[in-house]
Structures are given as structure tokens and as C-alpha cells.
Visitor: 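First, the structure itself, so that you have it in front of you.
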Amino acid sequence: MNKFLWGNSTSSMQTEGAYDEGGKGPSVYDIREATENTSDWKVAIDEYHRYEEDIKLMAEMGMNCYRFQVSWSRIFPEGEGKVNEEGLEFYEKLIDKIIEYNIEPMICLYHFDMPLALYEKYDGFSSRHVKDEFVKYGKILVDRFHEKVKYWITFNEHNLYAMDMGFKIAGSKKEHTLENIYNIQHYTLLAHAEIANYIHDKYEDLQIGGMLAYSPYYPASSKPEDVLIANQYDRFLSKLYTSVFTGKNYPKFFTNYLEKNMINIDFTSEDSQIFNRLKSDFMSFSYYQSTTVKANGRDFNTLEMDQVIDNKFVDRSEWNWEIDPIGLRISMENIYADSNIPVFIIENGLGVREKLPEDEFIEDDYRIKYHDDHIREMKNAMKNGVECIGYLGWGLIDIPSSSGDMEKRYGAVYVNRDNHDLKDLRRIKKKSFGYFQNIFNQKILEEIKND
């Protein structure tokens, strides 16, 4: 690696808008209506029409990497069947513009926005057929853009598919049972493996890795029961995935767990061979907070997870997300130790309510402190021997949150809209814009090497 990747991450439904333009079919997000505290998804920040303006701002901020998501239903309006060439052409133009501004494009194939037709017909990723259609979609994108896009991930925050929210983000209406959620986990992991194997078989210069929503799990005390439950959380939500992503297949603790609890998943001998061939070029992850757990007399259950408590030793945001910069270092060191491959921080940030003052200058010192503290701990992990590819902030140009709340802002650029009034969608730089200009121009690899 000859450069450190500084940049921004987003999803298509939180940026693009244009929900019914360019031949796009509906996704499960497009039919969600606004509520008292959330927006609908029809416009987002209108990046479909304003992407050059936003890419220019990213370049001015000093970014050299932009991880964006391709909307599956923009490529396949029905999720399967005929390819929408107009959708491919849109992403071709987007990628060309990113490259024009000397920014490295990185593609995410799926960020929770299941094509509506696949949700209605097949129950999303509860279906092996939908897994197969996703692999077809992924291969088409890889073949189309392999000369221009070198970094790839399949599923955003892959371990979330093993939690109760996994039914929603996988587009499944099935009963919330362990058997159903672990089949969703299996089909999505298998889809990732098939696309990664395809890339490694066909395109030697491309890199693909798994992605986790990573959190270090702290025991509430040194009481052995608290330590035990923290270890269980880590095994089922982190180590299981790292094992699969690095070609070691499902770990024995997991297959034993399935057998002991009479949980049947659709795991064939062919699937096992696909997993055995899987390798990752990096382990990517989002990091927002650590998690503290306290024993309550029951073992870990991915559909309940009711052992989580507040950590009195860290600050927290308005949304009760804990602010723990050292947790980022712990995350990097844990992932690197478990995987033995470079790590890549591809989401990090702080969501805050912000109003545009009369002088239109938001002094977001809280955001500067948040990122500065986390970047400092990233450097400490690297000085301690962790190989790290890059650091991407989340939504550094304001976007609606994952729940659709425009008031939860992560950006160094203010987008002038709220949940129910689009206003003029102007982009307005905050104080942190200048901070990122400075930090993103740092030659961190040389700094670490010479330290």
C-alpha cells in the first residue's frame, strides 16, 4: 500500500434520491412514509443530481477515497431479470467523476435496501434464490467496473444480519427464530464468499474484504459470569465472522451450538467448499461505540441480547451512543490479531442535532474532538503494529440517518433540509471542514514509520 485512504462512506438510499428516475425499481425503503420524526426516502440529499458538487467538496476536504453503495434496484428494477443499462451508466458517470477528482472509488453492493419485488416474492435473504440473484448482480458490477474500482465490499455491517434487526435489513418477513436468522446469516455469508471467490479467480488486482459493525465487548465487572457473557458476545458477533472471512469456515463452537440447540440451516457440502476457498484482502469495519454487558443468568442469544448496560466510564451522545475512542484501538488490535490481515476503518462518526445559525457557520468543535480522539487512537494501534489501510468517516456531507432522521447529522458539510421541508438542499461548510482538510492531508504512513 503506497497511500493511506482518507475519506467518506455513504449508502445509496441515504444520498441519491431520484427514487423513480433512471429506470430504478422500488426498494423496501422507497415505500416507507415519513413520520413525525423521520423523512421519507424519495429525495435524501439528491446526490443523484448533485454528485459532482459533492465529490468536489470531498476533494476540497482532502479525501482520496469515497465508499458508496450501488442500489441493487437501480441495476435490476425487479431485483432479477433484465439489467437496467441506464442505472449502470449512472454509476459509470459517478465513478468517472470520482476518479477525475483523484479520489479512489470503493463499492458496497448492499446496504439494507432490498429490491421490493424480491421482498414481496421471495422474502429477501431468507431465500437461497435471492442469494443467487445477488451474486449475479454483484458479478455484473465487478465485470463492468473492475478496471476503475479496486476496493469492494458486499454487505454493510455483515454481523447485523445475525441480530434481530437482521430480518428487516435482509428483507425478510419470517418469524423471528434462531433457525430463520441463522439461515439469513448463512445465505448472506455464502453470497459474499461467492463474489469474493469470483473476484480472486478473475481479477488479481482487485481487493475485497468482509465488513463488521464492530464493537469490543466489555464485561461489567471482573465477576466471572460477566466475563463469560462478554466472551460469548465477541465469539458470536465477531470471531465467527472473522473465521469465515479468512477461509476457516464456520468455527466449531458455532456448529456445535447449532447441533446442541437443534437449529437446522441450509448448509450444503458445496457451500462448505465455497467457504474453504474464501479469503479476504482486508477486514473492514464500522466503529461507533463499545458495548458493556452484564450477566443475567442466561447465555448469549442473538435475538435477545438483553445483557447490554450503560458504561459509566464513557461519555455518550444524545442518542445514547457511547463515545469511546480507546475502543477503536481495541477494535483494530482485536480484528488484526484474529485475522492477520490489514484492517480498514470504513465508518466512524458522531451524530448531532444542528441548526443553521444566521451567519450560516456551525462551530462543531464536538465533532472535531470526536474524530481527533479516534484518529489519535487509530495511530496508537498502528504504532503498536496494526496494519491499517484507511479511515473513512460516515456521512461527512449530511445525510438522513439509517432511521430516516435528517436531524441526526454526521457531516462536516451541512445540507439545508430537515425531515419534512427540503428547503434548497444547499451544501454549507461547518468548522470541521477545515479540520478535515488538515487531517486528511497528513501522510500518516510516513509518520508512523518514522515515529
Side-chain angles (χ1 to χ4, degrees), residues 9-14 27-29 32 67 69 72 108-114 119 123-126 130-131 134 153-174 176-193 209-217 232-245 250 254 265 280 283-291 293 300-308 319-322 327 331 334-335 344-349 351 392 394-395 400-405 408 410:
S9 282
T10 63
S11 76
S12 62
M13 73 276 191
Q14 290 167 280
S27 79
V28 292
Y29 275 82
R32 294 182 189 173
R67 170 216 152 187
Q69 181 221 345
W72 187 352
C108 171
L109 296 174
Y110 186 81
H111 195 125
F112 313 156
D113 59 338
M114 174 65 60
Y119 167 75
D123 216 22
F125 279 114
S126 289
V130 170
K131 182 274 296 181
F134 178 78
I153 58 171
T154 51
F155 293 91
N156 181 71
E157 298 181 323
H158 208 143
N159 50 339
L160 298 186
Y161 294 86
M163 303 180 194
D164 194 59
M165 71 177 74
F167 292 98
K168 183 177 183 179
I169 63 179
S172 172
K173 304 181 288 292
K174 284 191 178 296
H176 288 208
T177 67
L178 287 173
E179 187 163 295
N180 287 338
I181 200 64
Y182 282 131
N183 270 290
I184 287 172
Q185 174 185 267
H186 179 65
Y187 288 144
T188 56
L189 282 170
L190 187 59
H192 168 83
M211 184 194 174
L212 300 176
Y214 196 88
S215 177
Y217 294 99
Q232 289 177 344
Y233 271 71
D234 182 57
R235 282 198 297 273
F236 279 89
L237 298 177
S238 304
K239 286 183 167 58
L240 186 161
Y241 282 81
T242 306
S243 177
V244 174
F245 288 143
Y250 284 129
F254 179 63
I265 64 171
S280 292
M283 276 297 304
S284 60
F285 67 103
S286 63
Y287 176 78
Y288 295 98
Q289 60 181 328
S290 54
T291 303
V293 292
F300 172 82
N301 181 317
T302 190
L303 298 183
E304 295 176 358
M305 296 175 60
D306 54 358
Q307 295 95 348
V308 176
W319 280 268
N320 203 37
W321 287 31
E322 297 182 348
S331 301
N334 284 352
I335 295 170
F344 194 172
I345 305 158
I346 62 173
E347 286 185 28
N348 181 236
L392 310 184
W394 173 253
S401 73
S402 58
S403 65
D405 186 1
K408 188 179 184 183
Y410 285 83

Visitor: Going from CG on Asp164 to CD1 on Ile169, what distance comes out if it is rounded to the nearest 0.5 angstrom?
Guide: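 Between atom CG of Asp164 and atom CD1 of Ile169 there are 10.5 Å.
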Visitor: How long is the span from the CD atom in Gln185 to the CD1 atom in Ile265, to the nearest 0.5 Å?
Guide: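 The CD1 atom of Ile265 is 7.5 Å from CD of Gln185, to the nearest 0.5 Å.
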Visitor: I want to check something: taking the side chain as every heavy atom from C-beta on, are Ile153 and Phe344 in contact at a cut-off of under 4.5 Å?
Guide: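 Side chain of Ile153 against side chain of Phe344, heavy atoms only: no contact under 4.5 Å found.
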Visitor: Between the side chain of Ser11 and the main-chain N/O of His111, is any donor-acceptor distance below 3.5 Å?
Guide: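 Here the side-chain-to-backbone pair does not exist.
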Visitor: Tell me the closest heavy-atom pair linking Gly351 and Tyr410, and the distance in Å.
Guide: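 That would be N-CE2, 3.3 Å.
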Visitor: Mark yes or no for whether Ser280, through its side chain, and Phe245, through its backbone, hold a donor-acceptor pair below 3.5 Å.
Guide: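 Confirmed, Ser280 side chain pairs with Phe245 backbone.
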Visitor: Could you measure the distance from the CD atom of Gln14 to the OG atom of Ser402? Nearest 0.5 Å is fine.
Guide: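 OG of Ser402 is found 6.0 Å from CD of Gln14.
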Visitor: Decide whether a cation-pi geometry holds between Lys173 and Tyr119; the criteria are a distance under 6.0 Å from NZ or CZ to the six-membered ring centre and an angle within 45° of the ring axis.
Guide: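 Cation-pi check for Lys173 and Tyr119: passes.
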Visitor: So do Leu240 and Asn159 actually touch side chain to side chain, heavy atoms under 4.5 Å?
Guide: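 Of all side-chain heavy-atom pairs linking Leu240 with Asn159, none is under 4.5 Å.
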Visitor: Start with the C-alpha distance between Phe155 and Phe125, add both sets of side-chain angles, then the distance that settles side-chain contact (heavy atoms from CB on, under 4.5 Å), and finish with yes or no.
Guide: CA-CA 12 Å; Phe155 293 91; Phe125 279 114; 3.5 Å; yes
Visitor: Provide the closest heavy-atom pair for Leu160 versus Ala213 in the form atom of the first, atom of the second, distance.
Guide: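 Leu160 and Ala213 have their closest heavy atoms at CD2-CB, 3.9 Å.
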Visitor: Go through the steps for Tyr287 and Tyr214 under the test ring pair (Phe, Tyr, Trp, His ring centres under 6.0 Å), then give the verdict.
Guide: CA-CA 6 Å; Tyr287 176 78; Tyr214 196 88; 8.0 Å; no
Visitor: Rounded at 0.5 Å granularity, tell me how far CG in Leu212 sits from CG in Asn156.
Guide: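 Reported to 0.5 Å precision, the distance equals 10.5 Å.
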Visitor: Hey, could you give me the OH/NE2 distance between Tyr250 and His186, rounded to the nearest 0.5 Å?
Guide: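 One finds 5.0 Å between OH of Tyr250 and NE2 of His186.
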Visitor: Are Ile181 and Phe167 packed together at the side-chain level, in the sense that at least one heavy-atom pair is separated by less than 4.5 angstrom?
Guide: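 Yes, at least one pair of side-chain atoms sits under 4.5 Å.
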Visitor: Under the 3.5 angstrom rule, does the side chain of Asp113 hit a backbone N or O of Tyr29 as a donor-acceptor pair?
Guide: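 Pair absent, no side-chain N/O of Asp113 close to backbone of Tyr29.
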Visitor: Assess whether side-chain contact (heavy atoms from CB on, under 4.5 Å) is satisfied between Tyr217 and Gln307, documenting all intermediate values.
Guide: CA-CA 11 Å; Tyr217 294 99; Gln307 295 95 348; over 6 Å; no
Visitor: Give, for atom CG of Leu237 and atom CD of Gln232, the distance between the pair rounded to the nearest 0.5 Å.
Guide: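 So the CG of Leu237 and the CD of Gln232 are separated by 11.0 Å.
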Visitor: Counting distance only, does the side-chain N/O of Ser290 pair as donor-acceptor with the main-chain N or O of Pro216 below 3.5 Å?
Guide: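 No, because the side chain of Ser290 does not come within donor-acceptor range (under 3.5 Å) of the backbone of Pro216.
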Visitor: Do you know which two heavy atoms are closest between Gly124 and Met114, and how far apart they sit?
Guide: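 Looking at all heavy atoms of both residues, the shortest contact is CA-CE, 3.8 Å.
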Visitor: Could you check whether any side-chain N or O of Ser284 sits under 3.5 Å from a backbone N or O of Gly209, counting only pairs where one atom can act as donor and the other as acceptor?
Guide: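 Not confirmed, Ser284 side chain does not pair with Gly209 backbone.
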Visitor: Does Ser238 use its side chain to pair, donor to acceptor, with the backbone of Arg235 at less than 3.5 Å?
Guide: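 No, Ser238 side chain to Arg235 backbone: no donor-acceptor pair under 3.5 Å.
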Visitor: List the steps, then state whether ring pair (Phe, Tyr, Trp, His ring centres under 6.0 Å) holds for Tyr187 with Tyr161.
Guide: CA-CA 10 Å; Tyr187 288 144; Tyr161 294 86; over 10 Å; no
Visitor: Between Met211 and Arg67, is there a side-chain heavy-atom distance shorter than 4.5 Å?
Guide: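 Yes, their side chains come closer than 4.5 Å.
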Visitor: Is any side-chain heavy atom of Lys168 closer than 4.5 Å to one of Val28?
Guide: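 Result no, sub-4.5 Å side-chain heavy-atom pair not found.
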Visitor: Is there a donor-acceptor contact under 3.5 Å from the side chain of Glu322 to the main chain of Gln289?
Guide: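 No; zero donor-acceptor contacts below 3.5 Å.
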Visitor: Between Thr154 and Thr188, is there a side-chain heavy-atom distance shorter than 4.5 Å?
Guide: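 Not in contact.
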Visitor: Where the side chain of Ser9 meets the backbone of Ile346, is there a donor-acceptor pair that is under 3.5 Å apart?
Guide: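 Looks like yes, one N/O pair under 3.5 Å.
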Visitor: Can you say whether the rings of Phe300 and Phe236 are parallel (under 30°), tilted (30 to 60°) or perpendicular (over 60°)?
Guide: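 Parallel: the ring planes of Phe300 and Phe236 meet at under 30°.
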Visitor: Is there a side-chain contact between Val244 and His192 (heavy atoms, below 4.5 Å)?
Guide: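 They are not in side-chain contact.
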Visitor: Ala191 and Lys131: which non-hydrogen atoms are nearest, and at how many Å?
Guide: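 Reported closest heavy-atom pair: CB-CG, 3.7 Å.
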Visitor: Are any side-chain N or O atoms of Ser243 and backbone N or O atoms of Lys239, one a donor and one an acceptor, separated by less than 3.5 Å?
Guide: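 No: the side chain of Ser243 does not pair with the backbone of Lys239.
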Visitor: What are the two closest non-hydrogen atoms of Met305 and Val308, and how far apart are they?
Guide: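 Of all heavy-atom pairs spanning Met305 and Val308, the closest is O-CG2, 3.8 Å.
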Visitor: Does the side chain of Phe285 come within less than 4.5 Å of Ser331's, by heavy atoms?
Guide: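 A side-chain contact under 4.5 Å exists here.
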Visitor: Could you report the tightest heavy-atom contact between Thr177 and Leu303, atom names first, then the distance?
Guide: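 Of all heavy-atom pairs spanning Thr177 and Leu303, the closest is C-CD1, 3.4 Å.
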Visitor: Is a side-chain donor or acceptor of Asn183 paired with a backbone partner of Glu179 at a separation under 3.5 angstrom?
Guide: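 Yes, Asn183 side chain to Glu179 backbone: donor-acceptor pair under 3.5 Å.
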